[in-house]
Amino acid sequence: MKDKRRHGNAALRAATLGLLGAAVVPAPASALETPGEQLAKKWEFDTGLLVYSESGGRVQAAEPVLKATRNFGDDRMLSFKLVLDTLTGASPNGATPASTPQTFTGPSGSGSYRANAGEMPLDDSFKDTRVSLSADYLFPVGENGKFGYGLTASKEFDFLSAGANARYSHDFNQGNTTLSAGLSYEADEISAVGGAPVPLALMPAAVSGEVENENEDEDEGGGPGAETKGVVDVIVGLTQVLDPNSLVQFNYSLSTSSGYHTDPYKVLSVVGADGEPLRYVYESRPDARTKHAVFARYKRYLFARDVFDLSYRYMTDDWKVQSSTIDSLYRWNFNSTNYVEPHLRWYQQSAADFYHAALYDGEETRVTEASADPRLGAFSGYTVGLKYGHTMQSGNSWSARLEYYQQTGKREGVPEEAAAGLSKFKLEPDLSAVMFTVGYRFKW
Amino acid sequence: MRLITAVCLLLAASAASAEASPLPPALAAYEGKLIYLDFWASWCGPCAESFPWLNQMQQKYGANLVVVGVGVDEDTKAGDGFLKKHPARFQIVRDPDGKLPELYGIEGMPSAVLIAPDGKVLHKHSGFRSQQIAEYEAVIRAALPREEASQ
Amino acid sequence: MDAAAGRFTAMASPCEVLVDGADAAELRRVTRVVENEVRRIEQLWSRYRPDNVVHKINTAGGRAVTVDDETAQFLDYAAHLHEWSNGLFDVTSGVLRRAWKFDGSDRVPAQSQVDALLPLVGWGHVSWQSPVLKMPMGMEIDFGGIGKEYAVDRACALARHATSRPVLVNCGGDLACTGPRADGEPWQVGIDTGVPGAATPLVRLSQGGVATSGDANRFLLKDGVRYPHVLDPRNGWPVTGGPRAITVAAQTCTEAGVLSTVALLHGAGAEAFLEDNDADFSLTW
Amino acid sequence: MTRIALIVVALLALGGCADIGAKPWQRGVLAREDMQVDPDPVQTGLDDHIYFSKEASSGGRGFGGGGCGCN
């Protein structure tokens with residue numbers, strides 16, 4: 001039997017007022033307020049933990065995040081964010097597989113790591129803990145403007161970074177059109193273990209097959225002191241409300257960085273005609289990079305319940321990397337306190353012009369920049385994920401998201417002279433990772 | 001870029017300003033009174049911040065002023081929830097279809113419209129910033145009959 | 001000056017009238033207006049008086065009775081409440097008192113005694129075509145359920161015209177007010193829920209009304225089970241497992257009374273019922 | 001490069017101010033948390049960090065920012 005009383009007591013109220021013939025009666029105020037409710041909760045905490053795990057014994061990471069925001073009302077907000085990041089496992093060092101076992105000296109020269117015959121060489125000697133802190137303050141400017149500025153700093157055992165940013169947004173057209181502009185500067189200092197290697201210099205004592213003794217003088221080829229890099233980002237954006245249920249956003253971002261971009265721990269194999277490694281040299285990257293990115297997003301509220309979010313980014317830079325990214329989310333709010341959100345992301349990038357899977361014997365003396373870092377190679381990737389969120393009676397909420405990320409490499413940057421020899425090896429390191437995030441938000 | 005923004009501002013400003021007109025039916029109950037019409041909604045943060053002040057204004061100038069809170073939530077249950085959390089000690093009118101905000105051409109949320117006893121719109125402003133409440137009150141006092149305002 | 005209170009007793013409850021900022025004379029004048037109205041309604045619908053419309057209806061022996069406008073309006077309201085509450089609110093459930101004596105003893109009536117009375121209970125049996133009411137022989141109506149709350153609302157409405165100062169009317173825990181106090185603050189009233197030892201909920205009332213329903217110590221205790229004097233008209237048995245008292249605030253005292261009375265009849269489901277109706281309430285277990 | 005500039009200008013012009021948009025009192029949906037441009041900034045931060053350290057692109061949504069050695 002359908003319960004007629006389901007939708008509040010409007011029927012009862014109307015009947016009662018009819019009986020009493022009362023004139024317009026103001027809406028009832030809550031007379032039985034519990035004192036606890038009045039106490040405005042000042043701080044809002046947004047916490048999260050990411051567990052990232054690549055297959056094949058590669059990188060594992062755990063990343064807890066704590067963000068605290070204090071809302072002073074009138075669009076005035078102060079927030080702090082702390083991110084910890086513990087990394088373990090191995091990542092490709094750039095060398096190509098070989099038909100015989102290979103040995104590489106670790107960055108500090110103390111340890112060394114090996115790769116079996118036919119195996120993609122992985123540098124498993126790095127363990128890293130990163131701490132990063134940021135603070136941000138946002139306040140209103142005039143009737144329709146908002147200005148925000150922030151500081152960030154992060155520290156790893158071989159990397160130090162500090163930055164500042166500022167951004168301004170202005171509402172036009174009764175808040176339907178919002179133009180925003182932002183500027184950020186970041187200074188990085190890279191102090192590689194054992195000093196930064198001389199670009200394209202020979203990796204010491206790494207003759208394949210022989211085991212090196214420990215007390216080899218390890219700073220051979222290491223450059224003096226730490227390397228630095230400066231990054232300047234500019235972003236301009238437009239958000240336009242199309243109708244009460246949808247909006248579009250367009251961003252253009254320009255990022256210029258100058259200084260040391262090389263990865264001190266990455267090498268390239270110098271191979272002979274048979275594709276077997278003769279020696280290894282440290283990689284070398286240009287000391288400047290300019291990236292342009294155009295981003296567009298469409299967001300729509302559907303069936304008076306769900307939210308669909310589709311975005312596209314096109315990026316190009318002067319390292320000749322071009323990438324396209326499509327990201328789509330569908331949040332199904334199946335009731336007022338729970339939602340499920342499937343996520344699909346597709347990514348594709350071309351290789352940097354100085355990307356080489358390997359160098360042919362002697363080629364290392366003819367190139368100025370070369371890197372075999374798979375992240376600069378050509379590959380496509382997709383991410384598929386599902387997120388569940390729940391809001392509790394108290395207003396606090398938690399969420400859990402499980403995602404799978406798969407990268408498939410394309411065979412590029414192979415020297416013709418050794419193409420036949422190298423064809424017996426798989427040079428494009430595929431990557432697959434599982435990412436699990438949990439989040440919890442509460443007021444205090 | 002600047003050309004585009006200029007055109008936008010021009011268009012927005014030329015929207016017809018609400019001239020004096022007799023009170024719409026929804027406000028007929030307050031005929032002949034000085035009305036401080038406040039547009040609120042459950043989803044509007046500053047609206048919650050403005051309610052305590054509106055309560056104070058109704059209590060302080062109750063003799064000659066009627067504060068009317070127009071709730072524009074399309075989902076009236078959300079509006080009810082809001083009123084429970086933020087008690088209103090002034091008259092509440094519900095307008096889910098947005099007829100009153102359309103009529104008075106309000107520009108933002110919350111918005112306030114001060115209507116003279118003859119129905120003429122004396123003052124309009126949108127937004128609620130706690131550091132500007134003195135100005136908001138000054139506008140009310142200016143519209144009150146002489147002896148009340150001087151108290 | 002704190003609001004002085006005019007006091008009188010009516011509907012078997014101590015009543016008080018507060019007029020914020022009034023001098024003694026004005027307070028007396030407003031109290032008299034409130035008292036007259038409460039007594040008028042008490043006389044109109046009391047079960048104990050031989051000369052009112054309820055007596056005429058209950059002794060009609062099955063014949064049709066024409067009722068006055070106010071009673072007609074109230075019966076329309078009762079019919080609506082019966083339908084709205086799926087039969088829980090029933091002005092004809094008074095006869096069950098013949099079987100149930102709530103004196104704290106353990107004398108729970110036999111099922112047969114209750115069954116004998118059930119045919120005489122049920123608004124469905126009544127033929128009501130305003131202003132003519134026709135009830136089968138032996139049935140009785142009783143407006144005790146929300147009669148007091150109705151009286152408080154009516155009295156408070158009259159007080160609003162009798163003075164421009166804020167007024168609060170309180171009859172045995174059923175309250176109504178014309179608006180907040182002069183300084184804009186709400187009235188603060190402690191409610192006696194009649195439950196010994198339980199904290200008295202503090203009511204902060206700026207508008208509308210408040211009503212409390214509870215077993216107020218009238219119950220039977222047998223084999224550890226407490227039978228409160230809250231009778232479900234559909235089966236004639238008390239509703240067990242519910243809170244001992246429910247206080248509700250609403251736009252009028254009558255509405256609050258209906259919600260608290262019907263909620264009590266939901267027993268353990270009282271809270272869910274009140275949530276469902278967006279009621280503003282506090283329970284005493 | 002010029003292609004990028006052209007796209008940007010065209011998009012900004014599109015975002016002109018005809019009558020598209022919502023009236024100030026129709027912003028209930030647009031005020032919803034899940035309708036904000038970035039409803040979960042902590043998750044976005046974590047994702048940006050992953051993809052920054054696994055791909056050669058960054059930025060677009062907010063400041064590119066790296067702040068890590070990411071080897």
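Here is the naming used below: chain letters follow the sequence lines, and residue numbers restart at 1 for every chain. What's counted below: heavy atoms across the whole structure, side chains too, no hydrogens, waters or symmetry copies.
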Establish, from distance only, whether the side-chain atoms of [X] and [Y] form a donor-acceptor pair under 3.5 Å.
X: A/S311; Y: A/D327; value: no
X: A/S324; Y: A/Q348; value: no
X: A/K291; Y: D/S58; value: yes
X: A/N333; Y: A/Y301; value: no
X: A/H261; Y: A/S257; value: yes
X: A/T383; Y: A/Y347; value: no
X: A/S255; Y: A/D233; value: yes
X: A/D243; Y: A/S246; value: yes

Indicate the atoms forming the closest heavy-atom contact of D/R27 with A/G175, along with that distance.
NH2-O, 3.2 Å
Measuring heavy-atom distances to chain D, does [X] have an atom under 4.5 Å in its side chain, in its backbone, in both, or in neither?
X: A/E63; result: both
X: A/Y52; result: side chain
X: A/L431; result: side chain
X: A/F379; result: side chain
X: A/I190; result: neither
X: A/R300; result: backbone
X: A/E54; result: side chain
X: A/E341; result: neither
X: A/K299; result: both
X: A/D85; result: side chain

Residue among [options] with most heavy-atom pairs under 4.5 Å to chain D:
options: A/M435, A/R401, A/R297; result: A/R401
options: A/D373, A/V65, A/T152; result: A/V65
options: A/A61, A/S253, A/P244; result: A/P244
options: A/M315, A/R313, A/K67; result: A/R313

Cut-off 4.5 Å, heavy atoms of chain A, and the answer for D/D40 is both
Honestly, the part of D/Q36 sitting under 4.5 Å from a heavy atom of chain A is backbone
Just say parallel, tilted or perpendicular for the rings of A/Y330 and A/F308, cut-offs at 30° and 60°.
tilted
Just give me the residue among D/Q26, D/K23, D/Q43, D/E55 that pairs up with chain A most often, heavy atom to heavy atom, under 4.5 Å.
D/E55
May I ask you to check if A/R375 and D/F52 form a cation-pi contact, with NZ or CZ under 6.0 angstrom from the six-membered ring centre and within 45° of the axis?
no
